[in-house]
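I have placed the structure first, in the form of structure tokens, so that the comments after it can refer back to it.
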Amino acid sequence: QVQLVESGGGSVQAGGSLRLSCAASKYTYNSNCMGWFRQAPGKEREAVATIYTTDGRTFHADSVKGRFTISQDSAKNTVYLQMNSLKPEDTAMYYCAAVRPGLTRLRVAQCRLDDFGRWGQGTQVTVSS
């Protein structure tokens with residue numbers, strides 16, 4: 001059963017920091033590509049960062065490079081998103097995600113954004129100016 005449980009959202013002033021956590025089931029976490037996406041009101045969902053849990057290879061969107069960092073704790077089956085220097089435009093609902101099941105190992109390792117098909121319930125991040 002897919003289980004992705006986010007936590008750590010909240011309200012912060014511009015320039016502040018937050019850390020999001022995503023606890024996954026062992027089945028979902030192992031040898032998988034996981035990531036963080038966000039969606040602001042009236043806007044399309046966008047990828048923020050991804051991580052391939054097998055080797056820790058990461059991707060960060062240009063809009064967050066140098067400010068956000070995705071990481072993992074394999075002992076806890078947990079993926080994190082450390083968000084520093086937050087801006088009002090970072091305000092959105094943040095979702096933890098994993099690629100959909102049934103993909104080959106080689107395909108999973110590519111961490112294609114359009115392969116993400118399992119989602120958490122989301123956690124709200126609000127940044128005030």
Side-chain angles (χ1 to χ4, degrees):
Q1 182 177 358
V2 175
Q3 183 178 17
L4 298 168
V5 180
E6 302 103 328
S7 61
S11 297
V12 65
Q13 289 192 328
S17 298
L18 285 172
R19 189 177 80 156
L20 306 183
S21 299
C22 174
S25 64
K26 187 174 183 179
Y27 169 77
T28 299
Y29 177 86
N30 285 346
S31 301
N32 206 346
C33 188
M34 297 183 63
W36 290 95
F37 291 70
R38 67 185 181 186
Q39 187 167 22
K43 294 188 177 182
E44 292 188 357
R45 185 171 58 201
E46 63 173 344
V48 176
T50 66
I51 187 166
Y52 183 49
T53 60
T54 298
D55 61 14
R57 178 167 31 94
T58 63
F59 157 83
H60 294 82
D62 288 344
S63 58
V64 305
K65 275 182 182 177
R67 300 188 300 122
F68 292 10
T69 303
I70 190 170
S71 63
Q72 62 177 337
D73 184 336
S74 58
K76 297 181 179 179
N77 300 331
T78 298
V79 173
Y80 303 98
L81 185 67
Q82 178 66 45
M83 304 185 294
N84 299 327
S85 302
L86 281 160
K87 305 175 181 179
E89 51 263 44
D90 294 319
T91 295
M93 185 71 79
Y94 283 70
Y95 298 91
C96 179
V99 297
R100 64 181 186 273
L103 301 176
T104 65
R105 183 173 294 184
L106 181 61
R107 180 65 176 254
V108 171
Q110 296 175 14
C111 282
R112 295 184 183 186
L113 298 181
D114 55 1
D115 281 341
F116 281 83
R118 294 181 281 183
W119 305 92
Q121 81 286 358
T123 185
Q124 179 67 37
V125 171
T126 302
V127 184
S128 58
S129 57

Locate the shortest heavy-atom distance separating [X] from [Y]; write the atom from each residue and the value.
X	Y	answer
Pro101	Tyr27	CB-OH, 4.5 Å
Ala24	Leu4	CB-CD2, 3.8 Å
Ser129	Ala14	CA-CB, 4.3 Å
Thr50	Cys33	CB-SG, 4.2 Å

Going by distance alone, is a donor N or O of one side chain under 3.5 Å from an acceptor N or O of the other, for Ser17 and Asn84?
yes

Hey, are Gln72 and Tyr29 close enough side-chain-wise for a donor-acceptor pair under 3.5 Å?
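Result is yes, a qualifying pair exists.
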
Would you check, one step at a time, whether the test side-chain contact (heavy atoms from CB on, under 4.5 Å) holds for Val125 with Thr91?
CA-CA 5 Å; Val125 171; Thr91 295; 5.9 Å; no

In Å, rounded to the nearest 0.5 Å, how long is the span from [atom1] of [X] to [atom2] of [Y]?
X	Y	atom1	atom2	value
Leu20	Gln82	CG	CD	9.0 Å
Trp36	Phe116	CH2	CZ	12.0 Å
Ser11	Leu86	OG	CG	11.0 Å
Cys111	Ile51	SG	CD1	9.0 Å
Tyr52	Met34	OH	CE	13.5 Å

Quick check: does any side chain N or O of [X] sit under 3.5 Å from a backbone N or O of [Y], one acting as donor and the other as acceptor?
X	Y	answer
Thr78	Lys76	yes
His60	Ile70	yes
Thr53	Asn32	yes
Arg118	Val99	yes
Thr123	Gly9	yes
Glu44	Gln39	no
Glu6	Gly122	yes

Should Asp55 and Arg57 count as an ion pair when the cut-off is N to O under 4.0 Å?
yes

Taking only residues at least two apart or on different chains, which pairs with a member in residues 77-103 satisfy salt bridge (Lys or Arg N to Asp or Glu O under 4.0 Å)?
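For residues 77-103, and leaving out neighbouring residues, the salt bridge (Lys or Arg N to Asp or Glu O under 4.0 Å) pairs sorted by first residue read Arg38-Asp90, Arg67-Asp90, Arg100-Asp115.
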
Taking the six-membered ring for Trp, are Phe37 and Trp119 ring centroids under 6.0 Å apart?
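Yes, the ring of Phe37 comes within the 6.0 Å limit of the ring of Trp119, centre to centre.
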
Can you get from Val64 to Leu18 by hopping between Ile, Leu, Val, Met, Phe, Trp and Tyr side chains that sit under 4.5 Å apart?
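Yes; Leu18 is reachable from Val64 via cluster members.
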
What do you reckon, is CD of Gln13 surrounded by more than 12 foreign heavy atoms closer than 6.0 Å?
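No, because the 6.0 Å sphere around CD of Gln13 holds 12 heavy atoms or fewer from other groups.
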
Indicate yes or no: at least one non-hydrogen side-chain atom of Gln3 is less than 4.5 angstrom from one of Val5.
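Yes, at least one pair of side-chain atoms sits under 4.5 Å.
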
